[in-house]
Novice: 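Shown below is the structure under consideration.
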Amino acid sequence: MMAAMLLMACSNSHQLKSPDGRLSVRFSLTDEGEPRYEVEKDGKAIIAASEMGFILDKGDFTRGFTLKDASLTSHDETWETTWGEEQFIRDHHNQLAVTLQHESGYLMRIVFRAFDDGLAFRYEWPENEGEQTEFTLLDEVTAFHFVNEPQAWSIPWTTEYYEALWSKEPISGQALRDTVCAPITLEWADQPIHYGFLHEAAIYDYPASNYYYADGAVRTYLTPWLNADRQRLADKAYLHCGSTTPWRMLILTESLPEMVASRIMLNLNEPCAIEDPSWCKPMKFIGIWWGMHLESMTWHQGPKHGATTANMKRYLEFAAEHGFGGVLAEGWNDGWQFWGTDHNDFKYDVPFDDYDIDFLAAHARSLGVQIVGHNETGGEAGDYEQHLDDAFAYAQKYGIHSIKTGYVSPIIATIDGRQLNKGQSGVRHYRKVIETAAKYQVCIDNHEPVMPSGIQRTYPNLFTQEGVRGQEWNAWSKDGGSPCEHVTVLPFTRIMAGPVDYTPGVFHFENPIIPGTRVHATLMNQLGLFVCFYSPLQMACDLPESYMEHPDAFTFIEHVPCDWKQSRLLSGVIGDYCVFARQDRNSDNWYVGGITDENPRSYSLQFDFLEPDATYSATIYRDAADADWNTNPYAYEIETMDVDCTTTLDLNMASGGGFAIELLKK
Ligand code: NOJ
């Protein structure tokens, strides 16, 4: 690590350059004391002078500033992840920190960081001696005046739990005029920048951002607080001197593989806060789950109850036989009898009487498999908060190291009353859950979350999150299921924000109970997802009996890891297809996955990412020539051949198809 500090003369304009010198950020104050920043790449303007600052209850903090001091530092460090897509990550950036004094006397600091592949900044409010330290934030005015208009992939800000199909439009189009959620993925036709990813890192005590387009710029709309009648308040955040905002970050790259490889978000988060996180062990799991979404099982007790002792015993034994680390049981606890009513009363330490947890925990232990817990709250976040210690102590007692949490309710009942889950109160709740879980060595899979922002670096017990239109929509969605394109958009949008609990791996596509809806994929596409979609807690979602219909293809799911030494996008077009290669963290083996939209395509795979002078035994799982998601999804071929770094392999992906390859080093 290297840090050089240079105190600068207090002119009203300061420039920061990325370590390679190609990206530059200029900060300035206008004559009215308004903060502005501009961004260039290779001397070409990317963002023109853009507004910064806030409207606070204490006044207008978008103007009236003078510059007190400015300092430049640089940082170069390589750190090891607890788990992830990469084992080692380099954090190489230069930083400019400007301290501003507002005409009211208050101080505000803006810290900029320039990386080779993007930039970030955040606002900080230093302690103000002798002043009242608490304040209410009414608006953040941060703007992004893109010089050339990009296309933006986005979902509407009002989307419940971020579960929507992403669409692409120019930033001045209707989607952004109506307001969208963070993040957005940007595409430009012109050089030197083709791709951008606008998001935020390290949200801890602040509302999640949304964006809208007005007066030539993308602007920030913070998720508001609600009043007792669930109307939106002008109040966005309650802060104090000593608070910081999350980092506003923008990845800017020439190519899609570079955008996907950017680790700016993790670098902007703080190092691991858990002293020994070795208990945060990635694993694949199966679960008593898909049956409920197919409506062949129920969460509540009755003739179709899924989480019975006998069923769970069968799943645990199946998991042990096929190398899975865990089994999720949903519908194991008291409270599900009220599901679907407006009365939620979940108990987090009371099993149903047909679920013998003492027996099952002992059986799981003897098989070397973990039970994955489930705490659905029905949106009763405040009540859950009262029971967190009990819930996690109970989990610890039964050897449960991972819990899937859930907040199904468009507005959650936090300790501050009914609030939007991505407002400040919801954000605080999720943080409390993660911090409390860590005390009991419990990892979290958060459903209905706030959009991920990289805090898994600091709390690696935050394994994964939903926040996506996941596989379950393919069981019951009235629109028939997600179009083939959806999975080819997600790696470049939602999954750029962090690990996703999408639940890949459907092996049986017909459902007589909901016949109009199904997965728009071939079986090989479902295998490809295990490499293309990253999650350290990765579910194989289908029923054991479905997997036994295609045991040879299931071998890939049994073998594929979910913790990686290195990862790369080999090729892709957002919304068309993608091909990822990842190296296992615990061996020299590689895994490749490809998926396509409704268009069949051929792909020439070059193995030049493999170690030179080494031979690998490749098992290739691919669509047969006549495969098609709609008419023939089960047609596939499996072949084994030796390959090395000079080999090229021509592969065909069917409509809605894909492929998966395991490469074992010889
Ligand atoms: C919605 C979640 O996404 C799903 O996975 C879960 O089964 C249900 N809520 C019930 O908790």
Side-chain angles (χ1 to χ4, degrees), residues 158-163 225-232 287-308 311 328-355 357 372-395 400 403-423 425-430 432-433 436-437 444-450 466-467 470 472-473 475-478 513-514:
T158 46
T159 306
E160 284 176 11
Y161 330 122
Y162 308 100
E163 297 183 16
W225 281 79
L226 304 181
N227 68 14
D229 296 326
R230 304 186 196 184
Q231 303 300 312
R232 289 182 220 157
I288 298 177
W289 178 74
W290 188 234
M292 279 82 110
H293 290 272
L294 296 177
E295 294 181 14
S296 60
M297 293 178 184
T298 60
W299 281 279
H300 59 82
Q301 286 185 298
K304 294 202 291 182
H305 188 207
T308 61
N311 231 357
L328 167 74
E330 290 199 10
W332 68 277
N333 58 327
D334 192 54
W336 283 98
Q337 59 275 32
F338 307 120
W339 185 241
T341 70
D342 52 13
H343 169 74
N344 283 309
D345 188 16
F346 285 105
K347 302 281 181 268
Y348 306 106
D349 51 4
V350 182
F352 276 138
D353 57 15
D354 57 351
Y355 184 82
I357 193 159
V372 176
H374 185 229
N375 289 174
E376 173 58 58
T377 68
E380 296 297 326
D383 174 72
Y384 187 41
E385 226 167 288
Q386 306 301 315
H387 294 100
L388 280 183
D389 283 285
D390 293 345
F392 297 146
Y394 184 80
I400 295 171
I403 292 184
K404 173 175 169 180
T405 55
Y407 299 85
V408 177
S409 175
I411 295 181
I412 59 174
T414 71
I415 52 169
D416 305 296
R418 304 238 158 223
Q419 296 295 335
L420 294 163
N421 67 349
K422 56 182 183 163
S425 182
V427 168
R428 285 175 176 164
H429 169 75
Y430 294 124
K432 175 106 193 260
V433 173
T436 311
I444 296 294
D445 168 6
N446 188 8
H447 276 228
E448 296 83 32
V450 63
E466 194 187 31
E472 63 195 38
W473 285 70
W476 40 252
S477 175
K478 294 210 167 43
I513 305 177
I514 316 175

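Any value given below was found using the heavy atoms of this structure, including those in side chains, with hydrogens, waters and symmetry copies removed. For clarity, every value in this text was computed on a predicted model and none was experimentally measured.
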Novice: What pairs with V350 under side-chain contact (heavy atoms from CB on, under 4.5 Å), at least two apart in sequence or on another chain?
Specialist: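 V350: side-chain contact (heavy atoms from CB on, under 4.5 Å) contacts with D334, K347.
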Novice: Which atom names give the shortest non-hydrogen contact between K422 and V427, and what distance separates them?
Specialist: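 Looks like O-CG2, 4.1 Å.
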Novice: With E295, which residues qualify under side-chain contact (heavy atoms from CB on, under 4.5 Å), at least two apart?
Specialist: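 For E295, the residues satisfying side-chain contact (heavy atoms from CB on, under 4.5 Å) (neighbours in sequence not counted) are I513, I514.
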Novice: If you measure only the distance, is there a donor-acceptor pair under 3.5 Å linking the side chains of N333 and E376?
Specialist: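 Their side chains do not contain a donor-acceptor pair, so the 3.5 Å distance test is not met.
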Novice: State whether a side-chain donor-acceptor pair under 3.5 Å links D354 with Q301.
Specialist: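 Looking only at side-chain atoms, Q301 and D354 do form a donor-acceptor pair, the distance falling under 3.5 Å.
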Novice: In terms of side-chain heavy atoms, does H374 have a donor or acceptor partner in W332 at a distance below 3.5 Å?
Specialist: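 Side chains of H374 and W332: no pair found under 3.5 Å.
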Novice: Taking all non-hydrogen atoms of both residues, which atom of G467 and which atom of P449 are closest, and how far apart?
Specialist: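 Here G467 and P449 meet closest at N-CD, 3.4 Å.
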Novice: Mind listing the closest non-hydrogen atom pair of A381 and I412 along with its distance?
Specialist: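 Shortest heavy-atom separation between A381 and I412 comes out as CB-CD1, 4.2 Å.
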Novice: Would you say the rings of H429 and Y407 are close, in the sense that their centroids are separated by under 6.0 Å?
Specialist: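 So the answer is yes for these two rings.
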Novice: Tell me, do N311 and I288 make a side-chain contact under 4.5 Å, heavy atoms counted?
Specialist: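 A side-chain contact exists here, since the closest heavy-atom pair is under 4.5 Å.
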Novice: Measure across E448 and N421 and return the closest heavy-atom pair with its distance rounded to 0.1 Å.
Specialist: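 The answer is O-ND2, 3.2 Å.
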Novice: For K304, enumerate each residue passing the salt bridge (Lys or Arg N to Asp or Glu O under 4.0 Å) test, keeping only those at least two apart in sequence or located in another chain.
Specialist: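 Listed in chain order: nothing, the list is empty.
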Novice: CH2/W299 to CD/Q337 distance, rounded to the nearest 0.5 angstrom?
Specialist: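 Reported value, rounded in 0.5 Å steps: 14.5 Å.
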Novice: Please enumerate all residues that pass side chain to side chain donor-acceptor pair (under 3.5 Å) together with T159, with sequence neighbours excluded.
Specialist: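 In terms of side chain to side chain donor-acceptor pair (under 3.5 Å), with neighbours along the sequence ignored, T159 is linked to no residue.
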Novice: Quick check on side-chain contact (heavy atoms from CB on, under 4.5 Å): which of N375, D349, D389 does Y394 satisfy it with?
Specialist: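 Among N375, D349, D389, the one meeting side-chain contact (heavy atoms from CB on, under 4.5 Å) with Y394 is D349.
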Novice: Can you tell me how far OG1 of T298 sits from CH2 of W339, rounded to the nearest 0.5 angstrom?
Specialist: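 One finds 13.0 Å between CH2 of W339 and OG1 of T298.
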Novice: Go through the side-chain N and O atoms of H447 and Y161 and say whether any donor and acceptor fall under 3.5 Å apart.
Specialist: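 No, no side-chain donor-acceptor contact under 3.5 Å.
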Novice: What distance do T158 atom OG1 and E160 atom CD have between them, rounded to the nearest 0.5 Å?
Specialist: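 Taking OG1 in T158 and CD in E160, the distance rounds to 8.5 Å.
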Novice: Take N227 and R232 through the side-chain contact (heavy atoms from CB on, under 4.5 Å) test and state the conclusion after the steps.
Specialist: CA-CA 6 Å; N227 68 14; R232 289 182 220 157; over 6 Å; no
Novice: For the pair E466 and K404, find out whether any cationic side-chain nitrogen is under 4.0 Å from an anionic carboxylate oxygen.
Specialist: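 Here E466 does not pair with K404 in a salt bridge, since their nearest N and O are not under 4.0 Å apart.
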Novice: Can you find a pair of side-chain heavy atoms, one from L226 and one from I411, that are under 4.5 Å apart?
Specialist: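 Contact flag for L226/I411 side chains = yes.
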Novice: I need the minimum non-hydrogen distance between F338 and H343, along with the two atoms involved.
Specialist: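 Minimum heavy-atom contact is CB-O, 3.0 Å.
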Novice: Rounded to the nearest 0.5 Å, what separates atom CG in D345 from atom OG1 in T377?
Specialist: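 So the gap between those two atoms works out to 12.0 Å.
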Novice: Please report the shortest heavy-atom distance between Y355 and A329, naming the atom on each side.
Specialist: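 Smallest interatomic distance, heavy atoms only, reads OH-CB, 3.7 Å.
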Novice: Indicate, with yes or no, if the rings of Y348 and Y384 have centres closer together than 6.0 Å.
Specialist: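 For Y348 and Y384, the ring centres are under 6.0 Å apart.
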Novice: Do H305 and F352 have ring centroids that are under 6.0 Å from one another?
Specialist: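 Yes, ring centres under 6.0 Å apart.
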Novice: Please identify each residue that fulfils side-chain contact (heavy atoms from CB on, under 4.5 Å) with S425, with sequence neighbours left out.
Specialist: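 Once residues adjacent in sequence are excluded, the partners of S425 under the side-chain contact (heavy atoms from CB on, under 4.5 Å) criterion are W225, T414, D416, Q419.
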Novice: Check whether any side-chain heavy atom of I444 lies under 4.5 Å from a side-chain heavy atom of V433, and answer yes or no.
Specialist: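 The answer is yes; the side chains approach within 4.5 Å.
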Novice: Could you measure the distance from the CD atom of E472 to the CD atom of E163? Nearest 0.5 Å is fine.
Specialist: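 Spacing of CD (E472) from CD (E163) equals 5.5 Å.
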Novice: List the residues meeting salt bridge (Lys or Arg N to Asp or Glu O under 4.0 Å) with E380, not counting sequence neighbours, and say none if there are none.
Specialist: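 Counting only residues at least two positions away or on another chain, E380 forms a salt bridge (Lys or Arg N to Asp or Glu O under 4.0 Å) with R418.
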